[in-house]
Amino acid sequence: MSDILNKGYDPAEIEAKWYPIWEKNGYFHADETDTQRPPFCIVYPPTNVTGTLHMGHALTVAIQDMIIRWRRMRGDNVLWLPGTDHAGIATQMVVERNLKVTEGKSRHDLGREAFLERVWQWKHEKGGRISEQLRVLGASLDWERERFTMDEGCSHAVRETFVRLYEEGLIYRADRLINWCPRCMTALSDLEVEHKEGVPGELWRFAYPLADGSGEIVVATTRPETMLGDTAIAVHPDDPRYQAFIGKNVKHPLLGYEFAIIADAELVDPEFGTGAVKVTPAHDPNDFETGQRHKLKIINILNSDGTLNEQAGEFAGMDRFEARKAVKEAIEKSGFARGRNDYAMSIGGCQRCGTVVEPYISKQWFVKAGPLAAAASQAVRDRETVFVPETWEKTFFNWMDDIRDWCISRQLWWGHRIPAWYCSDCGHISVSRDDLTACAKCGSAAIVQDEDVLDTWFSSALWPFSTLGWPDETPDMQHFYPNAMMETGFDIIFFWVARMMMMGIHLLGKTPFATVYLHAMVRDHEGRKMSKSIGNVIDPLDVVYGIGKDDLLAKRRADAEALGIAPKQVERIVKDTRKLFAKGIPTSGADALRFTLLSMVGQGRDIKLDVHRVEGYRFFANKIWNASRFALMNLKDYDPQADIDPSAYGLAERWILSRLRRATLTANEGFETHHYDQSAMAVYHFFWDEFCDWYIELAKPTLYAKDDNPAARAATQRVLVRVLDTALRLLHPFMPFVTEEIWQALPKSEDHGPTIMLAPYPTADEFADAEAFAADEAPMAAIQAVIRAARNIRGECGIEPGRRIPVVIQAAEAERRDLLNRYAAEIRDLARIDTLDIVDHYDKQGPAAKGVVTGADLFVPLAGLIDIDEEIARVTGQLGKIEKELNGIDARLSKESFVSRAPAEVVQKERERAEDLRAKQAKLAEHIAELKG
RNA sequence: AGGCGGGUAGCUCAGCGGUUAGAGCACCGGCCUUACAAGCCGGGGGUCCGCGGUUCAAAUCCGCGUCCGCCUACCA
């Protein structure tokens, strides 16, 4: 206790202290044998591969840890399934790039096994770092479990899934046109291609001469080099311009071979370009399908690295973009060029490296997604899985209802290797759960396993159950499947959420989670994505610990330079940063950062993070600290065991308990309806605006008057402890560290365990007594109004806060006078009044400043305090406001339609309000008249 | 092209059918009042994007428009 009394709020110190204690008390591990408490299982999404948390991770961690702490406190048996980006292209790319830079080697130089060992090293090192960073925020990542599930459990599950789907015909191998990244040298799924629109380009035209020499047909293209693989020209069957051309042959202007002009209504839009389309089945998805329809020849002109192959004749060996120029030049030279237009095209880039993706013919493995998606959609339609916010369901259906087969093979080394073996004797493909040494069909030993690995998201799709031990019947499986909740950013609905649902439903017959809670994305203060190349990344740890301007500048410069950003751009980043962070980023602590993020978890799509806002919530943490110091200072003689008669509670005690009850209800409602920001704000405002600004101030007289009234003092202490204890528990999911530190120091009547997270989350049940105190809110409001009015006069008349003033309160009703009299001491204190007279009628002895509240008038005799003209101006201002509102209400009330059609209580309320305002108006007008007269 | 979300105080955002539209930061005036200057007290500031409609009542519901952002899509 004394610790807190003597120190200021120091987040760093507290944050270092409590984490081990939470860990020791089993916070991060559920008990799979515990069948008494309701299970709650939540999935944790991938962290990144660079070993640095970004703000998006901090948000995810904050939300999940908040939910988990709340669930824990409610008594649920919580299991958190952590995960990392355990088998991605990104990981391989980063390690490979590293290898190249430090040793000048490629993964092929190292060999498969040695390379994978490198990747594991990398994963462990970065994973460990991420664990550390998560601790700072109050959360955890179980790295050992992660390694296990990747190595053994998950591999087991992946093979089981692959074999089953293969046997059911839901996984197949085929030659298809897929997305190929020439830099990563691998196939990609449709989702891994990012489309950029409006890239400036050109629509370039050239002519194919008819083979019989009778003319030519002009086509338009954005990718001239693909003409080396053209095997048809297509026109619309109804296009009058081309009727005579259909069926004729053209001659390739560069390669000499001939092919036909065909009619195809599906491919050709006669309005576009020249109305004639060159068809390249090997390098364009539409053309590929046209090729299938017309049984066209498929000529692949590309190598896997994006250079042209031997099919390209003299252009073989050139890079695709070089070849584009070369082909154009060659055609121009031979006289077949037919002009150009500027044209904004859309380009697909590799999600990981940004390289322009090529449609490329190759043999790959696919998942037949249709039936799986239909079942997943149905589960959502049947409300077995609910999306929060619900609006995402539409997005989900949009994609699911029009899903295409999923290319799952990747030409990489890092990942789960495809469990298929090819027999060179009989050609049979054996797909097996166990490693094979002989062909399953002919028994030949001449088999070789597929070199490719599976898409990261294939194994990720199994996460909700592979981590629980599936396909074995484990206690974890029985207890925690289906999971209660999936919490993640909406950017991976398709990548991950949808696929987990498809797999979970298909393999286990049950949707993997009851609720999908999707949170917004963290963006910079201008709403841009945080990105190192824009230079607007805010590292959550920099907010927690704070960072000086120079360090921040250096960091951003280094990040940008490491990415190879142009020097001019780097200078711009530095300039912007210097402007925005002239003082660096102040130390805010994990609690403040968490609270900021959580208070902004609305249902929108973006969270524009302004670091200055974090500072505001750090002030809040400080406020909690200081209010607690005040309490502890005044609790030295407090006996937690003492019997307190609630009848000793004063109005302030009953009022604060009633307000606390309301805050508790709001907080719980927020949690239950996923409006977490509502919970956070309710407690924030209770704590600061009501507890600190009013209750503590009202409690001071009782607490300071040491022995005047021991019963009242004891009652006040009891309420002080109770409010603080409850408020801390309410706040714990948002600000775990500071609440724990203080809660530990509070005197308690019973053993409260080693940590606040084992204490119950406050609910209405704790406030059976306070329900009746709701009746005390109105009288309290009356007292607050009087105090505010007195303060207003003081403030507006420029009376120094130190100076005590005389006040006369005139109240016609005896009841009101009684109330004010009972709280005269508090009113005097809070409004800094020396003599307070409460009368039924005030006979003014001279000019006075006047304030009006409902049921009472306040007078401050002028006597050298106040300038008459200023007082007139002040009151005239107030009168103006009142009249403006009154006019509005009168207008409403004078409308017959309002009085007759609006609900009676609304009309009644308006009438009362009007009456009240009219009384105030009259009093103020009279006051002005007196002053003038 | 389709779908989704948003435009509220100088900034970042709450409110989403009923009293005088709120918060944090910023701003103005006054205070080191024995928990807290990371604070206290008082104050100023808003055609709630535009137009139309529904309603006794609209920032809130509906329609159209406009601007911004995101997602999905095979237009050469």
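First the proteins, then the strands, lettered A, B, ... as listed; each starts at 1. The structure displayed is predicted, hence computed values, not measured ones.
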Tell me whether the side-chain N/O atoms of [X] come closer than 4.0 Å to OP1 or OP2 in [N].
{"X": "A:Trp688", "N": "B:rC40", "value": "yes"}
{"X": "A:Lys394", "N": "B:rG5", "value": "no"}
{"X": "A:Thr391", "N": "B:rG5", "value": "yes"}
{"X": "A:Tyr684", "N": "B:rA14", "value": "no"}
{"X": "A:Lys608", "N": "B:rC13", "value": "yes"}
{"X": "A:Lys700", "N": "B:rU34", "value": "no"}
{"X": "A:Asn398", "N": "B:rG2", "value": "no"}
{"X": "A:Arg629", "N": "B:rA35", "value": "no"}
{"X": "A:Tyr9", "N": "B:rA35", "value": "no"}

Tell me whether the side-chain N or O atoms of [X] pair up with the base of [N] as donor and acceptor below 3.5 Å, since no angle test is needed here.
{"X": "A:Arg913", "N": "B:rU20", "answer": "yes"}
{"X": "A:Glu910", "N": "B:rA57", "answer": "no"}
{"X": "A:Lys895", "N": "B:rC56", "answer": "no"}

For this session: With sequence neighbours left out, write down each residue that passes ring-ring contact (aromatic ring centres under 6.0 Å, His included) with A:Phe387, or none if nothing qualifies.
Result: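 Scan of A:Phe387 (ring-ring contact (aromatic ring centres under 6.0 Å, His included), adjacent residues dropped) gives A:Phe396.
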
Ignoring the backbone of [X], work out which of [options] is nearest its side chain.
{"X": "A:Met681", "options": "B:rC56, B:rA23, B:rA38", "answer": "B:rA23"}
{"X": "A:Thr221", "options": "B:rU12, B:rA35, B:rA76", "answer": "B:rA76"}
{"X": "A:Arg788", "options": "B:rU20, B:rU12, B:rG42", "answer": "B:rG42"}
{"X": "A:Phe272", "options": "B:rG42, B:rA76, B:rU20", "answer": "B:rA76"}

What is the separation between atom [atom1] on [X] and atom [atom2] on [N], rounded to the nearest whole Å?
{"X": "A:Phe490", "N": "B:rC4", "atom1": "CZ", "atom2": "C1'", "answer": "10 Å"}
{"X": "A:Ile624", "N": "B:rA35", "atom1": "CD1", "atom2": "P", "answer": "18 Å"}
{"X": "A:Glu883", "N": "B:rU20", "atom1": "CD", "atom2": "C1'", "answer": "14 Å"}
{"X": "A:Lys623", "N": "B:rC40", "atom1": "NZ", "atom2": "C1'", "answer": "7 Å"}
{"X": "A:Leu632", "N": "B:rC36", "atom1": "CG", "atom2": "C1'", "answer": "14 Å"}
{"X": "A:Lys636", "N": "B:rA35", "atom1": "NZ", "atom2": "P", "answer": "11 Å"}
{"X": "A:Asn622", "N": "B:rA37", "atom1": "CG", "atom2": "C1'", "answer": "11 Å"}
{"X": "A:Arg911", "N": "B:rC56", "atom1": "CZ", "atom2": "P", "answer": "18 Å"}

For this session: Please name all residues satisfying side chain to side chain donor-acceptor pair (under 3.5 Å) with A:His685, sequence neighbours left out, ordered by chain then number.
Result: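 With neighbours one apart ignored, the set is A:Asp689.
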
Problem set entry | Sidechain N-carboxylate O distance under 4.0 Å for A:Asp606, A:Lys608 |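 No, this pair does not count.
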
Classify [X] by what it touches in the nucleic acid, base, sugar-phosphate, or nothing, heavy-atom distance under 4.0 Å.
{"X": "A:Asp402", "value": "nothing"}
{"X": "A:Glu697", "value": "base"}
{"X": "A:Lys881", "value": "sugar-phosphate"}
{"X": "A:Pro903", "value": "base"}
{"X": "A:Phe494", "value": "sugar-phosphate"}

For this session: Quick one: closest heavy-atom pair of A:Ala667 and A:Val683, and the distance?
Result: CB-CG2, 4.1 Å

For this session: Determine the sole option in A:Arg918, A:Lys920, A:Arg913 for which the salt bridge (charged side-chain N to carboxylate O under 4.0 Å, His left out) test with A:Glu885 is passed.
Result: A:Arg913

For this session: Please work out which of the three classes, parallel, tilted or perpendicular, describes the rings of A:Phe272 and A:Tyr343, given edges at 30° and 60°.
Result: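 The arrangement is perpendicular - the two ring planes meet at more than 60°.
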
Problem set entry | Closest-nucleotide 5' rank along RNA chain B - winner of A:Glu885 and A:Gly616 |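 Mapping each residue to its closest nucleotide by heavy atoms, the 5'-most match is A:Glu885.
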
For this session: By nearest nucleotide on RNA chain B, pick out whichever of A:Ser628 and A:Leu203 is the more 5' one.
Result: A:Ser628

Exercise. Centroid-to-centroid, A:Trp399 to A:Phe397, below 6.0 Å?
Worked result: no

